[in-house]
There are 2 protein chains.
Amino acid sequence: MARPERRTVRDVRRGNRAMLLRELYFSGPASRNDLTRLTGLSAATVSTMTGDLLGDGIVVEAGQVESDGGRPRVLLRVNPVYGFAIGVDVAETHVRVGLFDLGMTELAKVDYALRPVRHDPELVARHVLAGIDVVLSDAGVAPEQVLGVGVGVPGIVEPGLDGLIHAKTFGWDGVPLGALLREGTSLPLFVDNGAKAMGQAELWFGSGRGASDAVIVLLGTGVGATIVADGTAFRGTSSSAGEWGHTTIVAGGRPCRCGARGCLEAYIGAEAILERAGAPIQSDWQEELGRLLAERSPVIDETVAYLGVGLATLVNLLNPQRIVIGGWVGTMLGQTLLLDIRRATAENALAEPYAATSIVLGRLGPDVVALGAATLVLEEFLNAPQVARITAAG
Amino acid sequence: MARPERRTVRDVRRGNRAMLLRELYFSGPASRNDLTRLTGLSAATVSTMTGDLLGDGIVVEAGQVESDGGRPRVLLRVNPVYGFAIGVDVAETHVRVGLFDLGMTELAKVDYALRPVRHDPELVARHVLAGIDVVLSDAGVAPEQVLGVGVGVPGIVEPGLDGLIHAKTFGWDGVPLGALLREGTSLPLFVDNGAKAMGQAELWFGSGRGASDAVIVLLGTGVGATIVADGTAFRGTSSSAGEWGHTTIVAGGRPCRCGARGCLEAYIGAEAILERAGAPIQSDWQEELGRLLAERSPVIDETVAYLGVGLATLVNLLNPQRIVIGGWVGTMLGQTLLLDIRRATAENALAEPYAATSIVLGRLGPDVVALGAATLVLEEFLNAPQVARITAAG
DNA sequence: CCGCGTTAGTTCAGGACCGGAAACAAGTTC
DNA sequence: GAACTTGTTTCCGGTCCTGAACTAACGCGG
């Protein structure tokens with residue numbers, strides 16, 4: 001209602017510059033001429049703007065295109081080594097830190113194992129800070145060249161400077177990871193939920209590319225979703241939107257670790273699947289699920305049916321253009337059973353919205369939280385390159 | 001991802017003008033000085049802009065405020081009779097047409113009864129067109145003064161010029177109501193789902209005011225929801241987002257008229273409630289529900305429990321700041337049982353998002369579809385006053 | 001009743017921006 | 001090598017917002 005908050009003529013420049021940069025980033029190398037078409041800006045504007053960007057080193061030339069009777073086009077692209085982004089994946093069993101260039105190529109990474117027992121926030125913070133130093137020196141990148149650090153963590157991240165984290169299953173309740181990290185580094189920080197970071201990766205570089213209304217669902221030990229509205233991750237009022245796993249699909253059904261009953265996660269979470277199949281608790285989950293799939297256990301069919309119910313809820317409620325299925329359970333199920341999943345969804349969804357939705361598999365595999373976290377930095381950079389640069393310095 | 005699409009310096013003006021107008025509309029009469037604070041614009045800009053708006057007749061003076069030692073403030077407000085909006089409610093049993101000024105005061109209205117049996121699209125269109133003529137002549141308003149006509153209809157409205165409507169229960173499948181109406185009038189048309197129109201009214205003038213992330217749920221014969229993200233109704237990729245009623249809450253449960261099983265509507269839709277209570281089919285539903293409530297039938301408790309499950313899904317998935325309960329069933333239940341509804345929701349929702357959500361009753365009563373439809377026109381007007389004007393002329 | 005202080009609102013010059021047109025650049029083709 | 005074609009840059013005009021100077025309208029104290 002009180003949404004549009006623009007102000008001065010200067011914002012126009014920033015907006016157009018961001019648009020041009022985005023276009024250049026995603027539509028690969030392009031000539032100035034292409035850019036006028038892609039952005040809708042005049043040739044004059046594109047010229048001055050690319051001039052600036054070239055001067056700043058954000059954009060570089062990338063060869064020429066043979067002409068067919070006229071002056072050849074000079075191709076431009078975003079300079080992948082103009083700056084770098086660090087992505088951090090804080091998970092149950094490890095802390096992983098990766099260094100990426102702007103093309104999201106991983107230049108270096110380092111892992112620290114975590115005891116699943118208790119997760120000392122200060123230990124995690126130390127790992128992250130050490131990891132940052134390690135990847136930077138490994139790749140020979142100076143801290144001043146880093147545009148920011150994205151951190152994907154379990155649980156709900158409160159918006160705000162401290163990056164307060166609530167994650168019951170992780171043993172964290174109100175841990176100010178952001179503040180802890182800020183004590184050890186002056187790099188700009190972007191803390192977000194790991195599943196959302198992953199969704200971000202899938203949205204920008206995976207099967208979600210180009211969709212403006214999409215849902216990226218994550219099926220693993222936990223069950224979550226990233227809701228994309230209008231091309232951006234939807235966060236809700238306290239940044240916890242997308243808690244799809246605790247949607248009730250059987251009122252009064254199986255108890256869930258969240259305390260309620262009949263949650264989706266209590267049926268299609270990895271643990272729930274294996275439990276329903278009567279698998280031994282201490283087994284290797286991934287292997288066990290593979291066995292169930294291979295023998296086409298009835299439990300799998302049930303799981304697909306429940307998944308269809310859950311997906312139908314998303315289809316009806318959000319009417320997305322695309323649903324991307326990710327996470328290790330999702331990948332395993334989807335690889336053999338995508339058609340069945342679609343059918344199960346169709347059975348439970350309304351015809352019109354179902355027809356508008358395509359259900360596809362994620363492309364990036366389950367191990368992309370760090371990439372997704374780094375993508376948060378990239379997003380900021382593309383939205384306001386110079387601003388990010390300044391913050392990075394300060 | 002490819003979201004920001006601004007272009008020229010002229011957009012700045014339009015955006016600021018819209019912002020100023022919104023502020024003026026919702027923050028009541030205000031002086032130019034107040035507006036500089038409210039909008040963040042400079043006094044100079046506010047001065048020239050209000051000058052324009054006064055010249056166009058969009059804004060008028062509204063008295064002065066006593067000074068306390070300086071020049072007195074001149075109050076300004078949006079001119080409620082600068083233009084008018086027509087709102088139309090096409091429902092099962094009637095077509096209602098209302099004429100509103102910009103203050104959303106109803107100046108005239110007219111009703112046409114519809115046989116619930118079959119709904120001839122051409123008949124509906126004739127009623128709407130006749131209704132427009134009637135309310136205009138009743139109130140003595142010329143067609144040139146009308147900024148647009150909002151139409152709330154049952155079912156899903158496809159985006160596009162024709163306003164294609166799909167509404168199984170209404171007997172419409174691909175009816176181009178927009179096109180039919182355009183044959184009889186050149187006024188700008190805004191066709192949307194009736195529940196969404198109602199949600200719009202509640203969002204702008206009812207309990208939803210000021211919320212940027214909210215869900216307005218509609219409990220009546222059908223069950224639906226308007227999802228508000230970032231202050232605007234979220235539509236999804238084919239405008240059918242918000243189909244909350246066909247969310248599955250009991251996998252394999254009661255059959256629903258949509259064809260699936262265990263939908264929310266199959267438990268808390270008016271018909272379902274009465275059926276579960278064993279009420280005679282031909283009874284007066286409203287009266288019957290009143291009786292059940294008065295005697296505190298166990299069916300009511302069940303209904304509240306199911307409603308809690310459905311609301312919890314919204315809380316978890318969308319993390320709204322506010323949930324507004326509307327519709328005639330919602331109003332009746334909520335008036336006596338709001339606390340129970342809240343409790344039932346808390347039992348099924350995650351703690352963090354639940355804590356961030358306030359669940360409140362709608363303020364506007366069930367009969368505001370026409371107002372909501374007119375609000376669509378108002379929204380357009382506030383976003384781009386002059387453009388709306390031009391379209392109105394053409 | 002007349003300055004003076006105070007607050008509200010207006011006018012104007014200045015700087016930033018975009019688009020259109022013309023100019024310039026760098027090829028191909030005949 | 002002249003004519004043509006296409007890509008890119010330069011320049012000018014118009015729009016926009018802001019800061020500062022300026023005008024307007026009022027209360028108050030003498």
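Computed from heavy atoms alone, side chains included, the values below leave out hydrogens, waters and symmetry copies. Naming convention: chains lettered A, B, ... in sequence-line order (proteins, then strands); numbering from 1 in each chain.
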If I take atom [atom1] in residue [X] and atom [atom2] in nucleotide [N], what distance separates them, rounded to the nearest angstrom?
X	N	atom1	atom2	answer
A:L41	C:dG20	CG	C1'	14 Å
B:R13	D:dG14	CZ	P	17 Å
B:L20	D:dC17	CG	P	11 Å
B:N33	D:dA25	CG	P	16 Å
B:L76	C:dT10	CG	P	9 Å

Looking across every strand, which nucleic acid part, if any, lies under 4.0 Å from B:V46 by heavy atom: base, sugar-phosphate, or nothing?
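No contact at all - B:V46 keeps every heavy atom at 4.0 Å or more from the nucleic acid.
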Between the base of D:dG7 and the side chain of A:R71, is there a donor and acceptor pair under 3.5 angstrom?
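Yes.
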Please tell me which of the listed nucleotides, [options], lies nearest to the side chain of [X]?
X	options	result
A:N16	D:dT18, D:dT15, C:dC18	C:dC18
B:T45	C:dC17, D:dT18, C:dT10	D:dT18
B:A44	D:dC16, D:dC26, D:dT18	D:dT18
A:V74	D:dT15, C:dC12, D:dT8	D:dT8
B:P72	C:dC18, C:dC17, D:dA25	D:dA25

pair B:I216-B:R322: side-chain heavy atoms closer than 4.5 Å:
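No; the side chains remain at least 4.5 Å from each other.
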Tell me whether the side-chain N/O atoms of B:R73 come closer than 4.0 Å to OP1 or OP2 in C:dA8.
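Answer yes for this pair, as a side-chain N or O of B:R73 is under 4.0 Å from OP1 or OP2.
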